[in-house]
Amino acid sequence: MKFLELAKTFDELEAISGRTEITKKLAHLLKTASWQEAAIICYISLGELRPPYEGTQFNLAEKSLIKVVSDLLGYTQEEIKKELAKISDLGQLIGNYNWHPKEDLSIIDVYKELETLENISGGKSQEEKAAVVKKLLKDLDPISAKYVLRIILGKIRIGFSDMTIIDALSWMQEGDKSLRHKLEDAYNRCADIGYIAKILKKDGIEAIEKMGCIVGIPIRPAAAERLPTAEAIVEKLGDCIAQPKLDGFRLQIHVDKTKSKPMVKFFSRNLKDMSDMFPDLVDAVLQLNVETLICEGEAVAYDPNTGQFEPFQITVKRKRKHDIEEMAVDLPLKVFIFDLLYLNGREYLADTHEERRTKLLSIFKSVKDDKIQAIDEVKIKTGQQLLDYFNSMIGQGLEGVVVKRPDAIYTPGKRNFNWIKLKRQEKGHLEDTLDCVVLGYYYGKGKRASFGIGAFLVGIYNDRQDAFETVAKIGTGLKDQEWKELKKKCDSISIGKRPHNVECSKELYPDVWVNPEIVCQIRADEITRSPLHTADKTEKHLGLALRFPRIMGYRSDKSAFDATTAKELTRLFEDQKKK
DNA sequence: CTTGGCTGCCC
DNA sequence: ATTCTGC
DNA sequence: GCAGAATGGGCAGCCAAG
């Protein structure tokens with residue numbers, strides 16, 4: 001199959017909004033393709049070349065591609081950037097130009113070129129990569145070039161993703177969505193959509209039905225919903241159980257001790273392979289009394305002197321490729337296992353939480369090392385009990401609690417109310433919002449590009465310095481209409497350059513500066529020391545920033561100078577440390 | 001040899 | 001991570 | 001309610017520029 005045929009279909013799909021229609025068209029495309037091509041189509045539709053646990057890394061994205069595209073089209077980078085502000089992305093931009101292609105490449109040709117691109121590294125590699133991309137784009141027609149750029153950028157964003165591909169595979173085979181559940185079950189157990197497409201095309205739905213979990217290949221993780229109060233959670237679930245929510249990273253752990261050399265693998269929440277990063281946890285995991293196992297836990301770093309858990313910013317330092325052994329000594333991890341998905345050749349996905357918990361505890365009997373532990377769990381009957389438990393967890397400096405329905409099965413790949421998280425922010429020190437001042441805005445991508453705004457910069461007032469200092473960029477919380485209104489308002493008070501009383505790092509300079517006068521309410525989960533933001537920044541210490549910032553509304557009754565002050569922000573930060 | 005821009009991936 | 005939107 | 005697409009702070013890694 002020619003790449004152009006694929007690109008044309010993508011272009012048609014981009015214009016369609018109805019999911020069923022997208023599904024049908026995609027199904028037709030997959031039906032026409034060979035099984036090899038179908039697998040590739042699945043991957044590149046997601047902006048990848050392989051399943052997530054094998055990774056796809058071009059080390060080339062928008063900033064670098066702007067250079068390539070401006071070079072190719074004969075414009076300056078400034079001109080391209082200006083046009084990009086109006087257009088959804090670089091792919092769209094290049095698709096609007098016209099030239100005569102030199103070749104008529106197949107899907108497989110393009111795939112191979114993309115693999116070549118990935119494998120370039122070392123000195124001068126950026127130059128080489130640019131040359132490879134430029135040649136590839138030149139060889140292709142503009143529509144194909146558009147999608148090749150989007151693949152390199154990591155997202156096709158034309159209104160479908162993996163779940164629509166699953167539907168399309170069903171439609172390809174049966175002309176309806178009747179195989180959706182079987183295909184989804186297989187995909188949930190084996191997070192490799194290209195492999196699912198390949199097996200379906202080669203061996204049919206019978207082979208898909210036989211697929212189960214495989215130790216060494218990640219299962220799509222379940223996720224928790226969120227509710228604002230303990231009361232609401234107990235009302236929703238009735239009798240339930242609660243576990244501490246630790247602020248580390250989620251690990252899906254695979255163990256196979258039946259081989260001559262035992263296998264231990266760790267996968268991240270997004271199914272990236274992190275197996276080489278935690279040699280200290282491998283030893284601990286091997287103490288579990290199992291032959292084969294897939295379980296899930298949260299890994300958190302702790303201070304070896306005090307035993308205190310480290311904040312996320314410290315724990316995340318363990319996510320690294322170099323100096324692994326040294327860091328394992330300085331910053332040891334503990335992993336708290338909260339679920340069991342597979343044990344000694346048997347799946348536990350369809351067992352209830354209670355059954356999985358019992359089984360989980362049974363494999364810990366011989367474990368002495370506290371590096372690996374089954375997470376605590378308490379029974380909850382009332383909102384008050386849950387609130388008390390939550391408060392005691394917060395008191396220990398944890399992120400909150402996760403509440404679970406005891407009779408629920410494990411639902412891979414789904415976010416639902418079987419698990420509900422209650423986080424610190426909901427009843428903690430940042431319960432009140434901060435009043436921040438809009439300092440400027442940034443052009444956006446995709447839908448936001450058409451609004452002319454994608455995010456905005458906010459700051460607080462520092463009366464000691466008589467200056468506005470940045471504390472966050474805000475990109476979520478407004479409705480589409482509200483984004484347009486904010487852009488209009490900003491344009492009416494825009495100024496050509498940074499005002500003298502605004503302290504801002506270069507990296508955060510907005511595309512459009514505005515006079516500091518719009519006051520908005522910002523909610524966040526936490527205040528952290530920031531290498532970038534300037535709020536409360538002095539020679540002695542870094543500035544402050546907000547974790548997970550979002551806008552809740554405006555304070556038109558307040559002037560910029562009545563906004564939250566640096567002093568107040570600092571106090572909130574200090575209070576937070578006291579817990 | 002150090003710094004800084006950019007990228008990918010944790011949350 | 002949070003949030004919004006079309007279906 | 002699902003699926004998708006916007007967006008955040010901040011860490012390590014890679015490479016080019018200084």
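Lettering follows sequence order; numbering is per chain, from 1. Worth saying up front: this structure is predicted, and the values here are computed from it rather than measured.
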Are OP1 or OP2 of [N] and a side-chain N or O of [X] less than 4.0 angstrom apart?
X	N	result
Arg448(A)	dT5(C)	no
Ser268(A)	dC10(B)	yes
Ser530(A)	dG10(D)	yes
Thr528(A)	dG10(D)	yes
Arg550(A)	dC4(C)	no

[X] side chain, from C-beta outward: closest of [options]:
X	options	answer
Met163(A)	dC11(B), dG8(D), dG4(D)	dG4(D)
Phe58(A)	dG8(B), dA3(D), dG1(D)	dG8(B)
Lys445(A)	dT7(D), dA5(D), dA1(C)	dT7(D)
Ala61(A)	dC11(B), dT7(B), dA5(D)	dT7(B)
Met274(A)	dC10(B), dA1(C), dG9(D)	dC10(B)
Gln313(A)	dT7(D), dG10(D), dA5(D)	dG10(D)

Gap separating the [atom1] atom of [X] from the [atom2] atom of [Y], nearest 0.5 angstrom:
X	Y	atom1	atom2	result
Arg150(A)	Lys155(A)	CZ	NZ	12.5 Å
Lys317(A)	Asp323(A)	NZ	CG	12.5 Å
Thr56(A)	Leu117(A)	OG1	CG	11.5 Å
Phe456(A)	Cys436(A)	CZ	SG	9.0 Å

Select base, sugar-phosphate, or nothing to describe what [X] touches, counting heavy atoms under 4.0 Å on all strands.
X	value
Ile158(A)	sugar-phosphate
Arg150(A)	nothing
Lys155(A)	nothing
Phe249(A)	sugar-phosphate
Gly55(A)	nothing
Thr164(A)	sugar-phosphate
Asn416(A)	nothing

In whole angstrom, give the distance that lies between atom [atom1] of [X] and atom [atom2] of [N].
X	N	atom1	atom2	value
Ile166(A)	dA3(D)	CD1	C1'	13 Å
Met277(A)	dC11(B)	CE	P	12 Å
Ile193(A)	dA3(D)	CD1	P	12 Å
Ile522(A)	dT7(D)	CD1	C1'	13 Å
Lys67(A)	dC6(B)	NZ	P	7 Å
Met552(A)	dT7(D)	CE	P	20 Å
Glu526(A)	dG8(D)	CD	P	19 Å
Phe456(A)	dG9(D)	CZ	C1'	16 Å

Name the pairs: protein N/O against N/O of nucleotides 2-5 of chain B, kept only if under 3.5 Å.
none

**OP:** Could you check Ile152(A) against Gly248(A) and say which one's nearest nucleotide on DNA chain B is further toward the 5' end?
**Re:** Ile152(A)
Original post:
Starting at the 5' end of DNA chain B, which residue's closest nucleotide do you reach first, Ser64(A) or Leu251(A)?
Top reply: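 Taking each residue's closest nucleotide, the earlier one in sequence belongs to Ser64(A).
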Subject >> Salt-bridge present (Arg318(A), Asp280(A); N to O < 4.0 Å) >> reply: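 Answer for the salt bridge query: yes.
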Original post:
Can you check whether Tyr443(A) reaches Arg448(A) side chain to side chain, under 4.5 Å on heavy atoms?
Top reply: no
Original post:
Quick one: are Glu485(A) and Leu478(A) in side-chain contact, heavy atoms under 4.5 Å?
Top reply: no
**OP:** Determine the Euclidean distance between corresponding C1' atoms of dA1(C) and dG8(B); express it in Å to zero decimal places.
**Re:**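 About 16 Å, rounded to a whole number of Å.
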**OP:** Find out whether the Lys NZ or Arg CZ of Lys473(A) is both under 6.0 angstrom from the six-membered ring centre of Tyr442(A) and within 45° of the ring's axis.
**Re:**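 Yes, Lys473(A) and Tyr442(A) form such a contact.
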Original post:
For every nucleotide of nucleotides 12-18 of chain D, 5' to 3': is a protein heavy atom under 4.0 Å from its base (B), only from its sugar-phosphate (S), or from neither (-)?
Top reply: SSSSS--
Original post:
Counting distance only, does the side-chain N/O of Arg320(A) pair as donor-acceptor with the main-chain N or O of Met327(A) below 3.5 Å?
Top reply: no
Subject >> 5' priority, DNA chain C, between Ser17(A) and Pro549(A) [closest heavy atom] >> reply: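 Nearest nucleotide further toward 5': that of Pro549(A).
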**OP:** Step through the shown structure and confirm whether more than 12 heavy atoms of other residues, nucleotides or ligands are within 6.0 Å of CD on Glu235(A).
**Re:** no
**OP:** Evaluate whether atom CD of Glu54(A) has more than 12 neighbouring non-hydrogen atoms of other residues, nucleotides or ligands under 6.0 angstrom away.
**Re:** yes
**OP:** Compute the centroid of each ring, for Tyr410(A) and then for Trp419(A), and state whether the two points are separated by less than 6.0 Å.
**Re:** yes
Original post:
Less than 6.0 Å separating the ring centroids of Phe249(A) and Phe278(A)?
Top reply: yes
**OP:** Taking atom types as modelled, find out whether Tyr53(A) and Lys272(A) have a side-chain donor-acceptor pair closer than 3.5 angstrom.
**Re:**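 Absent: no donor and acceptor within the cut-off.
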**OP:** Using heavy atoms and a sub-4.0 Å distance, could you list which residues of residues 472-489 of chain A are near DNA chain C? By number, please.
**Re:** Thr476(A), Gly477(A), Leu478(A), Lys479(A), Asp480(A)
